[in-house]
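Have a look at the structure below, then the notes.
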2 protein chains.
Amino acid sequence: MNALFGKLACVKTKEKAAGGPDTRTRIVRTASRLMQRQGYDGTGIKQISQEAEATLGSVYHFFPGGKQELAVAAIRHGDEEFVHELSAALDSEEDPAAAVLALSASIAAGLRASDWIDGCPITTTSLGTAGRVPDIQEAAAAAFARWRGLVHDKLRASGIAEEDAHALAHTVISTLEGAELASQVSRSVEPLEIAGRHLARLIALHR
Amino acid sequence: MNALFGKLACVKTKEKAAGGPDTRTRIVRTASRLMQRQGYDGTGIKQISQEAEATLGSVYHFFPGGKQELAVAAIRHGDEEFVHELSAALDSEEDPAAAVLALSASIAAGLRASDWIDGCPITTTSLGTAGRVPDIQEAAAAAFARWRGLVHDKLRASGIAEEDAHALAHTVISTLEGAELASQVSRSVEPLEIAGRHLARLIALHR
DNA sequence: CGTCAGCTAGAACGAACGCTCTATCCAGAA
DNA sequence: TTCTGGATAGAGCGTTCGTTCTAGCTGACG
């Protein structure tokens, strides 16, 4: 045990190739994944520390604000993760309608690959704490706004008017969010596939 | 025989004069409202029994299956509740596009009236138990399917082809679900209003 | 070598969890 | 009246919760 953590401490500041991610990163990643699946109240600090192969002391060392601070970090991590998926999909196609179609396919593939367990990385945590933990709500609202911003910019770049781009970005994010939820509950990619087609058509109307 | 008489006696004592809803109904309603706000794990049986003005003994008397059985009943109750709101909105307008617009406005009004706390009555419970409590998942999937069915029938009744009606019903429910979520997180009716307009346009395209 | 800050280790606390259990109440059947 | 069984009542079970606390280990620096 001591020898193991000695090695970890050896690479504490910057992860080396063979050492894996550092403790703080492991904790945030684990918290994000667990809360995405089980929600805020359904995920215990001890479960996080165990699955992250860290100890309770480490968790409270890096997150003195306790579970709430950890949850906010987890939401931000999920935000970042989805931004990458979103950007990749938007960049994969010149036409925004085709890009949104690619995005819905990407989300559907990820959902099915996780056996319908890993939905939106922030929805579950955010919904379960609505009106109770303002920090989490703010982090979630910021994430949604950021995602909408990326879609908005893509639409603007292809010549869609500001007003239309604003509204379309809202609907693209809302619809994909709802369709992912519906796909997860019904254990079928159909809602996401249909949503992708309808969104593409809606976007095509504005060019 | 005994069971029959027992049930008859039960019915008799159910609605005692001016006493309001019976114990079982109070428990289900309270459970539905609390889980809608706080999720499955965030809601305790004792909290439910207290707010329902029932005792722990009563809860386990009516729901011997414990928290899971109670959660399923709560989901079904929320399903029923939304079916009423959905039917009322669909019946309020002849044109399905106008009806969906009315529905989004109705949802937005309810959400704002609750200070952005009471979102979809089954999403929070369902998401927080994904992959853990199959009974809850099935009840939630059935609710979604039922809602889609109502929208589908409305679209068909106004002459939209079966294939289009099927897809549109999916997108209407998905989008409204996602927009309600976005409205709740951003504490603004804008996502729902935009979603309503886009859905109305999408429906109008198919007539 | 000694010191120190950063990080790890895990026992322990009070509170709350889901659930079981026995006791009691009371309307109607016999 | 006595009896019966649905419904209510709540103490208490073992467990787990989030959090606090002290102790120990490590590599870096003087």
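Throughout, protein chains are lettered first and strands after them, A, B, ... in sequence-line order, and every chain is numbered starting at 1.
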Test side chain to side chain donor-acceptor pair (under 3.5 Å) on A:Ser58 and A:Thr55 and set out the steps. CA-CA 5 Å; A:Ser58 300; A:Thr55 64; 3.3 Å; yes
Polar pairs (N or O, both sides) under 3.5 Å between protein and nucleotides 23-26 of chain C?
none

Restricting both atoms to N or O, compile the protein contacts to nucleotides 16-22 of chain D shorter than 3.5 Å, with distance only.
residue : atom : partner : partner atom : Å
D:dG18  : OP1  : A:Thr43 : O            : 3.2
D:dG18  : OP1  : A:Lys67 : NZ           : 2.6
D:dG18  : OP2  : A:Ile45 : N            : 2.9
D:dG18  : O6   : A:Lys46 : NZ           : 3.2
D:dT19  : OP2  : A:Tyr60 : OH           : 2.9
D:dT19  : OP2  : A:Lys67 : N            : 2.9
D:dT19  : O5'  : A:Tyr60 : OH           : 3.4

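One finds no side-chain N or O of B:Thr23 lying less than 4.0 angstrom from the OP1 or OP2 phosphate oxygen of D:dA7. A sub-4.0 Å separation between OP1 or OP2 of C:dC7 and a side-chain N or O of A:Ser58 is absent.
Straight-line distance from the CZ atom of A:Arg26 to the C1' atom of C:dC7: 12 Å, rounded to whole Å. In this structure, CD of B:Gln38 is placed 14 Å from P of C:dA16, rounded to the nearest angstrom. Note: CG (B:Leu70) to P (C:dC17) measures 14 Å, nearest angstrom. Taking atom CD of residue B:Glu53 and atom C1' of nucleotide D:dA7, one finds them 17 Å apart after rounding to whole Å. When rounded to the nearest whole Å, the span between CG of B:Leu34 and C1' of C:dA16 equals 16 Å. In this structure, B:Ile48 atom CD1 and C:dC19 atom P are separated by 11 Å, rounded to whole Å. Here C:dA16 presents its P atom at 10 Å from CD of B:Gln50, a figure rounded to the nearest Å. Atom CZ of B:Phe62 is separated from atom P of C:dC19 by 18 Å (rounded to the nearest Å).
Looking only at atom types and distance, the side chain of B:Thr125 has no donor-acceptor partner in the side chain of B:Gln36 under 3.5 Å away.
Residues B:Tyr40 and B:Leu127 fail the side-chain proximity criterion, which asks for heavy atoms closer than 4.5 Å. Counting heavy atoms from C-beta on, the side chains of B:Trp147 and B:Glu177 come closer than 4.5 Å. Using a 4.5 Å heavy-atom threshold, the side chains of B:Phe63 and B:Ile27 count as touching. Contact annotation: the side chain of A:Ser104 approaches that of A:Leu176 to within less than 4.5 Å [non-hydrogen atoms, C-beta and beyond].
Between the side chain of B:Arg156 and the main chain of B:Ile160, a donor-acceptor pair closer than 3.5 Å is present.
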Taking distance alone, no hydrogens or angles, what donor-acceptor pairs closer than 3.5 Å link side-chain atoms of residues 85-93 of chain B to residues at least two apart or in another chain?
residue : atom : partner  : partner atom : Å
B:Glu85 : OE2  : B:Ser106 : OG           : 2.8
B:Ser87 : OG   : B:Val83  : O            : 2.8
B:Ser92 : OG   : B:Ala89  : O            : 2.7

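Applying the side-chain contact (heavy atoms from CB on, under 4.5 Å) rule to A:Glu51 yields the partners A:Thr30, A:Arg33, A:Leu34, A:Gln47; only residues at least two apart in sequence or on another chain are considered.
Using a 4.0 Å cut-off on heavy atoms, none of the residues of residues 127-139 of chain A approach DNA chain C.
For the side chain to side chain contact (heavy atoms under 4.5 Å, CB included) test with A:Ile173, the passing option among A:Leu168, A:Val151, A:Leu150 is A:Val151; the others fail.
Pairs passing the side chain to side chain donor-acceptor pair (under 3.5 Å) check and including a residue from residues 181-197 of chain B, sequence neighbours excluded, read A:His166-B:Glu190, B:Asp115-B:Arg187.
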